[in-house]
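This report refers to the structure that appears directly beneath it.
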2 protein chains.
Amino acid sequence: MSPQVSEARPRDREATRERILQAARTLFGEHGYERVTVRMIAASAEANIALVGRYFGSKAGLFAAVLQGEPDLHTLFEGDLESLPRRLAEYTAERMQHPSDSPIVRTLERFASHPEVRDVARERLITAVLSPLEARLTGPDAGARARMATSIFLGVSAMRRRIGPRTPTRADVDRLTAVFEACLADGPQGAVE
Amino acid sequence: MSPQVSEARPRDREATRERILQAARTLFGEHGYERVTVRMIAASAEANIALVGRYFGSKAGLFAAVLQGEPDLHTLFEGDLESLPRRLAEYTAERMQHPSDSPIVRTLERFASHPEVRDVARERLITAVLSPLEARLTGPDAGARARMATSIFLGVSAMRRRIGPRTPTRADVDRLTAVFEACLADGPQGAVE
DNA sequence: ACGGCTAGTAAACGAGCGTATACTCGGTTG
DNA sequence: CAACCGAGTATACGCTCGTTTACTAGCCGT
């Protein structure tokens with residue numbers, strides 16, 4: 001028998017850890033925390049179940065590691081302020097089309113009620129989305145406006161996936177832009193009237 | 001010993017069924033489908049676990065019965081069209097303050113990925129919220145506008161509860177009103193510019 | 001060549017889940 | 001009073017979960 005029957009993997013702690021992390025990233029983003037089992041992750045990573053506990057302590061620890069490793073959305077909030085609503089709208093629309101992109105956002109969208117997980121996800125949401133967005137805003141109530149925009153930013157796509165996974169049209173993006181303008185405007189009542 | 005030691009309940013099939021249904025309504029609304037166990041429901045209703053299966057077939061059947069029994073939101077969408085955005089905004093804001101109200105909405109907000117449950121919840125969401133709202137709209141893209149408004153309507157409060165359960169201020173409601181106006185307007189680009 | 005460290009494995013643990021079964025017992029009916 | 005129907009009960013089944021334990025086997029320094 002030739003030795004490449006099963007293509008034995010070299011023993012590499014760091015590479016295995018990374019495979020598990022990547023599998024968890026994908027699966028958590030796809031199905032959410034509670035619906036993904038440690039066995040699913042291990043199978044997807046082609047690693048032994050026990051290694052998840054060994055390298056990350058627990059399932060919640062692995063989830064935290066996933067969130068830690070995800071890049072921030074800073075670049076989305078940078079650039080000129082005037083076109084920020086449209087950038088948010090386009091990013092939101094894109095997430096509707098390619099739901100497997102951006103596992104962190106999908107994970108945050110559906111992070112559930114597991115107490116252990118809720119706190120770490122909440123903190124991550126604040127540092128990755130809410131705070132950088134708020135930092136860009138001027139005028140009164142910047143915190144409240146950023147909070148509402150974040151809610152729409154994440155909440156819309158979480159719901160949209162449920163009530164009709166249509167690909168957003170140009171008009172949808174335009175409307176979404178108007179929505180973000182209305183909620184980010186620094187006037188006393190936003191874009192109303 | 002007086003006979004009221006444990007205040008033995010009279011045997012009443014319909015009353016017991018109703019106690020289970022009410023307990024499920026509350027718990028599902030509070031914690032979502034997956035996080036509520038049949039045992040929790042039975043304990044809360046002070047009924048035997050087996051009765052849940054007897055009266056509702058299964059946990060998913062009980063969930064469906066809860067959704068069936070909840071009243072529609074028709075009244076919210078009735079009335080004059082001009083003030084509809086504000087009514088939506090105020091209702092959304094109220095749900096942020098009193099999250100235990102309206103179990104159906106909370107349930108729909110967080111209905112998860114259980115296939116059995118997703119379909120019934122989706123259908124209920126469409127008939128209770130999306131369709132009546134769409135029926136009120138005129139102009140082109142009424143379906144798309146109603147879909148986006150529904151997404152915001154449910155998604156915002158679902159997210160808001162995560163990133164900061166503050167009671168909405170007057171300015172928040174105003175901003176939310178502007179948001180709904182922007183997304184419900186029948187112009188080509190809503191309220192923008 | 002050969003211990004020893006360690007990545008990786010196999011298997012089981014205890015707990016909790018939804019569900020199903022066999023039973024008890026109170027109230028009504030003949 | 002006795003037979004019976006059905007509401008309510010106690011309990012266990014089969015399963016999956018996250019986690020842990022005891023073990024195997026490859027690589028390295030000497």
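The basis for the numbers below is simple: all heavy atoms, side chains too, and nothing from hydrogens, waters or symmetry mates. Residue numbers begin at 1 in each chain, while the letters A, B, ... track the order of the sequences. Here the structure is a predicted model, which is why all the values come from computation and not from measurement.
Residue Tyr33(B) is grouped with residue Tyr55(B) when hydrophobic side chains (ILVMFWY) are merged at heavy-atom distances under 4.5 angstrom, including chains of intermediate members. In the hydrophobic clustering of ILVMFWY residues, with side-chain heavy atoms under 4.5 Å counting as a link, Leu130(B) and Phe153(B) come out apart.
Comparing Glu46(B) and Ala60(A) along DNA chain D, the residue whose closest nucleotide (by nearest heavy atom) sits nearer the 5' end is Glu46(B). With DNA chain C read from its 5' end, the first of the two nearest nucleotides for Lys59(B) and Arg11(B) is the one closest to Lys59(B).
The CD-P distance, from Glu34(A) to dC17(D), rounds to 13 Å in whole Å. Straight-line distance from the CG atom of Leu62(B) to the C1' atom of dT19(C): 14 Å, rounded to whole Å. Following rounding to the nearest Å, Leu51(B) (CG) and dG6(D) (P) show an atom-to-atom distance of 15 Å. In this structure, CZ of Phe63(A) is placed 16 Å from C1' of dG18(D), rounded to the nearest angstrom. To the nearest angstrom, P of dA12(D) lies 14 Å from CG of Asn48(B). Ile49(B) places its CD1 atom 12 Å from the P atom of dT19(C), with the value rounded to the nearest Å.
Taking 3.5 Å as the limit, the base of dG6(D) and the side chain of Arg13(B) contain no donor-acceptor pair of atoms between them. Judged by atom type and distance alone, Arg39(B) does not reach the base of dG16(C) through any side-chain donor-acceptor pair under 3.5 Å.
Using a 4.0 Å cut-off, some side-chain N or O of Thr16(A) falls inside it from OP1 or OP2 of dG8(C). An OP1 or OP2 oxygen of dG8(D) is reached within less than 4.0 angstrom by a side-chain nitrogen or oxygen of Tyr55(B).
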Query raised in the report: Between Thr177(B) and Asp174(B), is a side-chain hydrogen bond (donor to acceptor under 3.5 Å, both in side chains) present by the stated rule, with each step listed?
Result: CA-CA 5 Å; Thr177(B) 302; Asp174(B) 289 342; 5.1 Å; no
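For Arg54(A), whose side chain is taken as the heavy atoms from C-beta onward, the closest listed nucleotide among dG8(D), dA22(D), dT19(D) is dA22(D). Residue Ala50(A) places its side chain closer to dT21(D) than to any other of dT21(D), dA10(D), dG8(C).
Between Asp141(B) and Arg175(A), at least one side-chain nitrogen of the basic residue sits less than 4.0 Å from a carboxylate oxygen of the acidic one, meeting the salt-bridge criterion.
In summary, the side chains of Arg19(B) and Gln22(B) do not present any donor paired with an acceptor at a separation below 3.5 Å, with no hydrogens or angles considered.
Counting any heavy atom pair closer than 4.0 Å across all strands shown, Phe56(B) reaches no nucleic acid atom.
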